[in-house]
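Order of listing sets the numbers, starting from 1, for every ligand and every atom in it.
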Amino acid sequence: MTIGNILVIDDDADIGELIAAAAESIGIPCRTTTDAANLAHLLDSDVSLILLDLMMPGMDGVEVLRLLGKLECRASIVLMSGINKRVIDTAEKLAGALGLRIAGHLQKPFRLTDLEEFLRGHIPQRSTTAAKQEAQIEFAANELGEAIWKNEFVLYYQPQIDIRSGEVDGLEALARWHHPQRGLLFPDSFIGRLEMTGLIDDFGWRLADRGLAEVRQFSMNGHPPPRVALNVSVRSLRDLKFPDIFVSLAQKHSVPATRIMVEITESRLMNDPSNALDVLTRLRMKNIQLSIDDFGTGYAMMQHLVNIPATELKIDKLFVQKMHANDSDRVMVEKTIELGHELGMIVTAEGVETEAQLEFLRQKGCDRAQGFLFSRALPPSEMTAWLSAYHARGVQA
Ligand code: C2E
Ligand code: CA
Ligand code: CA
């Protein structure tokens with residue numbers, strides 16, 4: 001770990017100077033700007049902490065967050081504002097949905113001593129993993145293409161538990177890359193590049209083929225295998241032939257359509273509705289189950305939700321993990337469960353890590369839970385072992 005730089009974005013030059021002085025007094029290099037339009041020039045890999053004013057004329061803090069998301073910024077972000085906490089909470093959620101890392105917030109006005117103390121607690125570190133991830137973003141198309149062709153992309157499986165019965169009723173397949181030099185890589189470091197290079201379709205078909213082939217090995221004691229949930233990029237739904245190809249793949253592996261869940265990320269669906277709704281409707285007509293993933297992180301969700309023929313609503317882990325600390329997240333979880341049920345959907349909570357979270361979800365009538373409390377995503381052989389151990393232990397409802 002090495003110390004990184006701070007970047008302050010605030011339209012008030014005095015605030016920038018104050019923070020720079022405080023940072024430098026404790027030995028952290030700091031740059032400031034009053035104009036967010038300069039951001040792309042100022043943001044290099046040395047910046048590991050950004051202090052961002054939410055209220056600025058011109059480009060406001062929310063727009064800056066979007067830009068940082070687009071730039072795939074890996075720095076930690078501290079939101080500053082004199083406005084009420086709810087606005088900061090909402091901005092924090094947006095940042096999470098954009099894949100940004102929020103390190104906290106600073107309520108204005110602040111005193112110099114408070115500021116110094118805050119900075120001491122947030123000394124920016126350039127972690128080696130952050131540096132690694134920066135390198136991963138630039139995977140070249142030919143490297144990705146070769147990895148697809150060499151089957152270096154594999155699936156790990158995470159169980160989904162029926163909260164009432166305690167039984168495993170599904171497995172979500174999550175992509176991993178066995179990179180020959182870098183080791184095991186997670187989707188955040190390659191899905192974006194696959195989408196950008198147009199290789200995501202090829203990648204998606206290979207993994208769907210793999211998942212549908214592998215799911216049979218998870219059948220226990222003569223029971224049919226659990227439902228398999230596959231993540232599909234919204235980009236791939238542009239192809240009107242998608243439903244037919246998908247169903248013939250399922251037939252090839254003799255997996256009934258009703259045992260397959262296709263997960264689509266909500267925010268992406270709203271941004272790219274072109275053929276997506278058409279394709280999703282036809283998938284449903286072919287009895288494939290549909291899940292709206294990361295629910296709550298997109299916009300205009302309520303109005304659109306009724307138009308999407310989904311069978312499952314997945315509450316994003318961001319809300320699940322903060323629901324005990326934060327009223328608005330708790331309400332979001334409760335309302336999503338109610339809304340899903342009103343629309344006749346199954347509601348699944350992801351990112352469940354504690355018994356307390358599970359108990360709360362149970363009380364609110366949530367149907368399924370998925371998260372580290374039960375298991376991380378595991379390679380197929382380990383998932384088989386996990387399943388038999390779970391069954392042997394007996395189901396605790
Ligand atoms: P997602 O579909 O929302 O998947 C859930 C993510 O949360 C997974 O991360 C999973 O490992 C993680 N997770 C599960 N339980 C917990 C928990 O209790 N606590 C915490 N902190 N995290 C938990 P992962 O595997 O890194 O996947 C990230 C995202 O990449 C996925 O988010 C999905 O959007 C995308 N993705 C994964 N596999 C594929 C794929 O095959 N195709 C496409 N198009 N996208 C994929
Ligand atoms: Ca998913
Ligand atoms: Ca999710």
Side-chain angles (χ1 to χ4, degrees), residues 93 96-99 101 129 133 136 144 147-148 151-161 170-177 184-212 214-215 227-238 242 246 260-269 272 276 289-298 301 310 312-323 333 336 347-358 361 368-379 383:
K93 254 172 246 162
L98 292 167
R101 195 177 306 148
T129 49
Q133 284 189 342
Q136 286 160 21
L144 292 165
I148 295 174
N151 288 323
E152 285 171 10
F153 291 106
V154 299
L155 290 172
Y156 276 36
Y157 294 86
Q158 187 179 36
Q160 301 178 319
I161 309 293
L171 294 173
E172 178 173 3
L174 293 156
R176 301 287 181 262
W177 183 359
L184 188 70
L185 301 183
F186 286 76
D188 286 350
S189 63
F190 54 80
I191 297 285
R193 281 298 287 171
L194 284 165
E195 288 182 336
M196 245 189 294
T197 53
L199 288 164
I200 192 78
D201 293 341
D202 215 2
F203 163 91
W205 287 122
R206 287 280 187 125
L207 283 191
D209 193 41
R210 183 184 272 272
L212 293 170
E214 284 176 343
V215 69
R227 193 189 50 252
V228 62
L230 300 168
N231 291 283
V232 172
S233 165
V234 171
R235 263 195 70 117
S236 302
L237 302 180
R238 288 181 190 170
F242 186 92
F246 197 84
I260 305 170
M261 178 78 81
V262 164
E263 295 197 5
I264 305 286
T265 302
E266 181 222 2
S267 54
R268 312 292 297 278
L269 198 54
D272 189 7
Q289 308 290 301
L290 282 184
S291 176
I292 302 179
D293 205 350
D294 299 346
F295 184 75
T297 60
M301 49 213 177
E312 180 190 69
L313 205 53
K314 270 185 110 166
I315 311 176
D316 192 67
K317 57 175 177 282
L318 221 70
F319 300 106
V320 174
Q321 294 181 345
K322 285 167 70 187
M323 69 192 178
V333 169
T336 305
V347 181
T348 299
E350 69 174 17
V352 179
E353 294 185 355
T354 67
E355 286 290 349
Q357 288 164 346
L358 181 66
L361 292 162
R368 293 180 187 139
Q370 179 182 349
F372 296 169
L373 176 63
F374 302 102
S375 172
R376 288 172 187 265
L378 300 173
M383 183 39 64

Less than 4.5 Å apart, side chain to side chain, heavy atoms only: is that true for Q160 and R227?
yes
Could you tell me which non-hydrogen atom of P159 sits nearest to which non-hydrogen atom of M383, and how far apart they are?
CD-CE, 3.5 Å
What protein heavy atom sits nearest atom 45 (N) of ligand 1, and how far off is it?
I191 CD1, 3.5 Å
Working for side-chain contact (heavy atoms from CB on, under 4.5 Å), residues F153 and R176
CA-CA 6 Å; F153 291 106; R176 301 287 181 262; over 6 Å; no
Going by the atom numbers of ligand 1, which of them fall below 4.0 Å from some non-hydrogen atom of E353?
17 (C), 18 (O), 19 (N), 20 (C), 21 (N)
With side chains defined as the heavy atoms from C-beta onward, is the minimum distance between E312 and R368 less than 4.5 Å?
yes
What is the nearest protein non-hydrogen atom to atom 2 (O) of ligand 1, stated with its residue, atom name and distance?
D293 OD2, 2.9 Å
Nearest-neighbour protein heavy atom for atom 38 (N) of ligand 1, which is reported as residue plus atom name and distance:
A175 N, 3.0 Å
For V352, take its heavy atoms, then give the atoms of ligand 1 lying under 4.0 Å from any of them.
18 (O)
Proximity flag A377 to ligand 1, non-hydrogen atoms under 4.0 Å
no
Atom 13 (N) of ligand 1: protein heavy atom closer than 4.0 Å?
yes
Using a 4.0 Å cutoff against the non-hydrogen atoms of R176, which atoms of ligand 1 qualify?
11 (O), 24 (P), 25 (O)
For ligand 1, is Q321 a contact, meaning one of its heavy atoms is under 4.0 Å away?
yes
Report the member of K317, R235, K314 with the shortest heavy-atom distance to atom 7 (O) of ligand 1.
K317
Taking the side chain as every heavy atom from C-beta outward, state whether T336 and L313 have any pair of such atoms under 4.5 Å apart.
yes
For the Ca ion (ligand 2), which protein N/O/S atoms fall under 3.0 Å? Skip waters.
E172 OE2, N231 OD1, E263 OE1, D293 OD2
Answer yes or no on whether R193 is positioned over the face of F190, meaning its NZ or CZ is under 6.0 Å from the six-membered ring centre and within 45° of the axis.
no
Going by distance alone, is a donor N or O of one side chain under 3.5 Å from an acceptor N or O of the other, for S233 and E195?
yes
Show the nearest heavy-atom pair for residues Y157 and A173, with the distance to one decimal.
CE2-CB, 3.7 Å
Check each of R210, E195, Q158, Q370 against atom 15 (N) of ligand 1 and report the one with the nearest heavy atom.
Q158
For atom 30 (O) of ligand 1, grab the closest protein heavy atom and report residue, atom and distance to one decimal in Å.
P187 CB, 3.2 Å
Contacts of D202 meeting salt bridge (charged side-chain N to carboxylate O under 4.0 Å, His left out) (sequence neighbours excluded), chain-then-number -> none
Please check if a non-hydrogen protein atom sits closer than 4.0 Å to atom 9 (O) of ligand 1.
no
Answer with yes or no whether E172 contacts ligand 1, where contact means a heavy atom under 4.0 Å from a ligand atom.
yes
Numbering as shown, the atoms of ligand 1 that approach E350 to under 4.0 Å (heavy-atom distance)
3 (O), 5 (C)
Side-chain touch Q370/K314, heavy atoms, less than 4.5 angstrom:
yes
Do D293 and E350 come within less than 4.5 Å of each other through their side chains, counting heavy atoms only?
yes
What protein heavy atom sits nearest atom 18 (O) of ligand 1, and how far off is it?
F372 N, 2.7 Å
Minimal non-hydrogen separation, A208 against F246, with atom names
CB-CE1, 4.4 Å
Would you mind reporting whether I260 and V215 have side-chain heavy atoms less than 4.5 Å apart?
no
The side-chain contact (heavy atoms from CB on, under 4.5 Å) partners of L318 (sequence neighbours excluded) come to K93, D316
Can you find a pair of side-chain heavy atoms, one from F203 and one from T197, that are under 4.5 Å apart?
no
Counting only heavy atoms closer than 4.0 Å, does ligand 1 sit against the backbone of L207, its side chain, both, or neither?
side chain
contact_flag F153 ligand 1 heavy-atom lt 4.0 Å:
no
Proximity to ligand 1 by part of D294, non-hydrogen separation under 4.0 Å:
side chain
Which of the numbered atoms in ligand 1 are under 4.0 angstrom from any heavy atom belonging to F203?
42 (N)
Donor-acceptor pair between S291 and E263 side chains, under 3.5 angstrom:
no
Between L174, N231, V320, which one has a non-hydrogen atom sitting closest to atom 39 (C) of ligand 1?
N231
min-distance protein heavy atom vs atom 44 (N) of ligand 1 -> S233 N, 3.5 Å
For atom 34 (O) of ligand 1, the closest protein heavy atom turns out to be T265 OG1, 4.3 Å
Run the side-chain contact (heavy atoms from CB on, under 4.5 Å) test against R206 and tell me which residues pass, sequence neighbours left out.
I148, W149, N151
